[in-house]
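Notes follow the structure.
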Amino acid sequence: MFTTALAQRGKTEQGDLPLDLFTAIETLKKELNAVILAHYYQEPDIQDIADFIGDSLQLAKAAAHTNADVIVFAGVHFMAETAKILNRDKMVLLPDLNAGCSLADSCPPEAFAAFKAAHPDHLVVSYINCSADIKAMSDIICTSSNAVKIVEQIPKDQPIIFAPDRNLGRYVMEKTGRDLVLWEGSCVVHETFSEKKIVQLKMAYPQAEAIAHPECETSVLRHASFIGSTAALLNYCEQSPSQEFIVATEPGIIHQMQKRAPHKRFIPAPPLNNCACNECPFMRLNTLEKLYWAMKNRAPEISLPENIREAALRPIQRMLEMSA
Ligand code: SF4
């Protein structure tokens, strides 16, 4: 259901916006033979107009299988890059090129190359939330949905570097009993949740189950009765008999949770301050207007040097094979 169907009218520096932005986007979609892929952390209007909504793994799989000529990626830069890595000959558009990711930025390529050189016998498993340059230096990519499953398939005597998220790395270590060498990166959003406020919420809502994304710090994860990727959290809420949930991940997912289980109550886990810093500032840069202009202007487009794209493709393909 579109939430603000006719509320997008206005003038921008690029020109007049159509009266009905949703219809205009549907028309452009047909003209371009485009598919709109959106992450669960996007604003509700974008989720509602997307052809496919998912977490990183689901979106990577959707990008790998699409027959569209143009992929409009409503997510952040590394996700659109992943779509381009998988689709050399397709046009990939990102509504706002500034939609980056603090976690991907916490792993600069030069520093990571030196880190890797210091551990020459190690296999590199990288979380998909990293740049194409880091993917190109990796042996296998993983997502929060399959990280445990992938590490479990690697021989026990093979030392592993896990990058760039230290919290997900620690979670994988706990689940697999493996000793991983961790890159010390983190996500600003998932590190912002306050353990103290979650405990207070649990006291205020004693029937509520706390659920969390593994990018959260250990101090938050220990209060969660279920830990999983964005897609796993969504499925869990739908299937659990509980009627109330405290949700420790980016609150954009609550739109889908509410759609799947309208009779249940979802309480966003509070950040440290009274700000909205539990919302990903990068994801929120994309708007329905920018999505329209990206399709209209066929820009901004994602492009990559072919040698980096090819090198980054191999570890993504390994992930897709290992998580099939
Ligand atoms: S929520 Fe965190 S990991 Fe996800 S895109 Fe935003 S900054 Fe990156």
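Counting convention: from 1, in listed order, for ligands and their atoms alike. Residue numbers start at 1 and run along the sequence shown.
Taking the six-membered ring for Trp and thresholds of 30 and 60 degrees, F245 and F266 have nearly parallel ring planes, at less than 30 degrees apart. By the 30° and 60° cut-offs, the orientation of the rings of H119 relative to H122 is perpendicular.
A salt bridge does not link E152 to K149: none of the charged side-chain nitrogens sits closer than 4.0 Å to a carboxylate oxygen. Remark: K116 does not engage D139 in a salt bridge, criterion side-chain N to carboxylate O under 4.0 Å. Between R309 and E306, at least one side-chain N (NZ, or NE/NH1/NH2) sits under 4.0 Å from a carboxylate O, which counts as a salt bridge.
Under a 4.0 Å criterion applied to the non-hydrogen atoms of E215, ligand 1 contributes the atoms 3 (S).
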Taking distance alone, no hydrogens or angles, what donor-acceptor pairs closer than 3.5 Å link side-chain atoms of residues 220-228 to residues at least two apart or in another chain?
| from | atom 1 | to | atom 2 | distance (Å) |
| --- | --- | --- | --- | --- |
| R222 | NE | E195 | OE2 | 3.4 |
| R222 | NH2 | E195 | OE2 | 3.2 |
| H223 | NE2 | E195 | OE2 | 2.8 |
| S225 | OG | E209 | OE1 | 2.7 |
| S225 | OG | A210 | O | 3.3 |

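For a distance threshold of 2.8 Å, the protein N, O or S atoms nearer than that to atom 8 (Fe) of ligand 1, listed by chain and number, are C101 SG.
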